[in-house]
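Inspection log for the structure reproduced underneath, given as structure tokens.
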Amino acid sequence: MLLFPLQTGEKEHHMKRIGFIGLGRMGSGICHQLISKGYSTAVFDINATNLQAFAQIATIAADKKELLESSDVIFLSLPGSVQVEETVHEFISYGISGKTIIDLSTSYPLSSKELYHKVTAAGGFFADASLTGTPTHAEQGALIVTVGGDMETYEDCLPIISTFASRGVHYIGGPGAGNIAKLANNYLSIMYVALYAEIFPLAEKLGFDTQKLFEIIGQSGVSCPMYQSNGAKIVNKTYDPSFSLDFALKDITYVKRLFDEQQMPSFVLDGGLNLLRLGHLKGYGSNDLSEMARVTRELMEHE
């Protein structure tokens, strides 16, 4: 059932044909939701393994051009702005008049703004629609989506986006605004984990029972879902995979660029960024974000 059902007389998009590029942990769940709601969907991914689950339920496009030609609305769920820019520029070279491109990736906001203007100039429509939630939320259709772009594109695609965003779809402003909202959310989340990654190894080194400390702090105002999930990983040294350290590094780097472009200092951010960079250099990039604590433990062991 759509969160925002169509009103009588509103155009039904003749069940627009969907194209979907990027069937990773988030993209695959979203794509399954679209298909389950009856949308005719073509998919493409550079990883052939990711396509296998869709062989019987979607059209497997041979390449991006074939996907573009067979779709009205194309969703991108890619690692970041580099891949999004490459794909959108390729689409523009083929011709995108009348096509709508929705970027679900966590992309750099000023890049999204530039792509919006390029796509619009080429006769197409573009929106950045950032996601809040986990792969499990994606599979359940329970994401939160913040959309940047023009209101007309938002309204036109709202019924489609609502199929995988039962916790809310929010129009937040012009092009790039959806990604600014997502980066603000991710910045706070990542920096929370950086705090836990420093203090618990220190308490451990000082001889504290960190499990007991974790439980006591968990009864205070500091407790929150981020604390309960990521703090527990750090105290128990499980580092269960949820969000990769390299993705966190990418997002914090984007936020750092925004501070720099506004000529503003970023005192707290710089510490977290250095910790993430060190984790990447140590080879933990593909592991969970909580492995920042592994970095601080190793530094303490070498003192």
Side-chain angles (χ1 to χ4, degrees), residues 1-45 50-61 67-68 70-78 84 87-88 91 98-107 112 119 124-173 177-179 181-182 185:
M1 181 177 182
L2 295 182
L3 181 63
F4 301 92
L6 294 170
Q7 301 299 313
T8 303
E10 186 178 352
K11 64 177 181 178
E12 297 188 8
H13 320 291
H14 57 275
M15 283 300 278
K16 289 189 175 181
R17 300 169 301 164
I18 304 297
F20 205 101
I21 299 180
L23 301 168
R25 298 184 69 207
M26 294 294 286
S28 61
I30 293 168
C31 196
H32 273 117
Q33 284 294 322
L34 289 164
I35 294 168
S36 72
K37 299 302 190 299
Y39 285 97
S40 173
T41 306
V43 298
F44 179 79
D45 195 296
N50 290 346
L51 292 169
Q52 291 176 359
F54 294 89
Q56 304 301 319
I57 57 176
T59 300
I60 308 298
L67 180 137
L68 176 68
S70 65
S71 307
D72 302 309
V73 178
I74 300 96
F75 287 97
L76 307 179
S77 181
L78 300 170
V84 172
T87 300
V88 173
F91 282 165
K99 305 285 187 178
T100 300
I101 301 171
I102 308 292
D103 180 23
L104 302 175
S105 322
T106 303
S107 299
S112 298
V119 170
F125 307 91
F126 183 89
D128 48 293
S130 293
L131 312 172
T132 297
T134 65
T136 299
H137 289 127
E139 291 168 7
Q140 296 171 344
L143 293 166
I144 300 170
V145 180
T146 52
V147 182
D150 57 68
M151 180 63 79
E152 292 76 17
T153 301
Y154 164 75
E155 291 176 341
D156 194 45
C157 293
L158 181 57
I160 305 173
I161 296 172
S162 297
T163 63
F164 54 84
S166 65
R167 289 194 294 156
V169 185
H170 307 277
Y171 177 73
I172 200 160
N179 277 314
K182 176 60 184 297
N185 184 83

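Not a single ring pair (Phe, Tyr, Trp, His ring centres under 6.0 Å) links Phe125 to another residue, sequence neighbours left out. A search for side-chain contact (heavy atoms from CB on, under 4.5 Å) contacts involving Ala177 returns Ile172, not counting sequence neighbours. The side-chain hydrogen bond (donor to acceptor under 3.5 Å, both in side chains) search around Ser77 returns none, not counting sequence neighbours. Listed by chain and number, the residues in a side-chain hydrogen bond (donor to acceptor under 3.5 Å, both in side chains) with Thr134 are His137 (sequence neighbours excluded). In this structure, the side-chain contact (heavy atoms from CB on, under 4.5 Å) partners of Asn50, at least two apart in sequence or on a different chain, are Leu23, Asp45, Asn47. Applying the side-chain contact (heavy atoms from CB on, under 4.5 Å) criterion to Ile35, with sequence neighbours excluded, gives Cys31, Thr41, Phe54, Ile57, Ala58. For Asp128, there are no side-chain hydrogen bond (donor to acceptor under 3.5 Å, both in side chains) partners two or more places apart in sequence or in a different chain. Residues passing the side-chain contact (heavy atoms from CB on, under 4.5 Å) test with Ser105, sequence neighbours excluded: Leu78, Val84, Asp103, Ser107. Listed by chain and residue number, nothing satisfies the side-chain hydrogen bond (donor to acceptor under 3.5 Å, both in side chains) test with Ser71 (two or more places apart in sequence, or in another chain).
For the atom pair OG1 of Thr163 and CD1 of Ile18, the computed distance is 8.0 Å after rounding to the nearest 0.5 Å. We find the CG-CD1 distance between Leu76 and Ile102 to be 9.0 Å, quoted to the nearest 0.5 Å. To the nearest 0.5 Å, the span separating CG on Leu67 from CD1 on Ile21 amounts to 5.0 Å. Of the inter-residue distances, the one linking Asp156 atom CG with Lys16 atom NZ reads 3.5 Å to the nearest 0.5 angstrom. Taking SG from Cys157 and CZ from Phe75, the interatomic distance works out to 6.0 Å, rounded to the nearest 0.5 Å. To the nearest 0.5 Å, the span separating CE on Met15 from CG on Asp72 amounts to 11.5 Å.
Minimum heavy-atom separation, Leu143 to Gly133: CD2-CA, 3.8 Å. Between Arg167 and Thr132, the closest heavy-atom pair is NH2-O, 3.6 Å. When all heavy atoms of Leu34 and Phe20 are compared, the pair lying nearest together is CD1-CD1, 3.9 Å.
In this structure, Arg17 contributes its side chain and Ser40 its backbone to no donor-acceptor pair below 3.5 Å. Between the side chain of Ser130 and the backbone N or O of Thr146 there is no donor-acceptor pair closer than 3.5 Å. Listed for the Tyr171 side chain is a donor-acceptor partner under 3.5 Å among the backbone atoms of Gly173. The backbone N or O of Leu131 lies less than 3.5 Å from a partner atom in the side chain of Lys182, making a donor-acceptor pair.
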Discussion item. For a side chain to side chain contact (heavy atoms under 4.5 Å, CB included) check, start with the C-alpha distance between Val119 and Phe91, then their side-chain angles and the critical distance, and finish with the verdict.
Written reply: CA-CA 9 Å; Val119 170; Phe91 282 165; over 6 Å; no
Item to complete: Any chance you could lay out the side chain to side chain contact (heavy atoms under 4.5 Å, CB included) test for Leu104 and Met26, step after step, and finish with the verdict?
Response: CA-CA 9 Å; Leu104 302 175; Met26 294 294 286; over 6 Å; no
Item to complete: Take Tyr39 and Val73, measure what side chain to side chain contact (heavy atoms under 4.5 Å, CB included) needs, and give me the verdict at the end.
Response: CA-CA 11 Å; Tyr39 285 97; Val73 178; over 6 Å; no
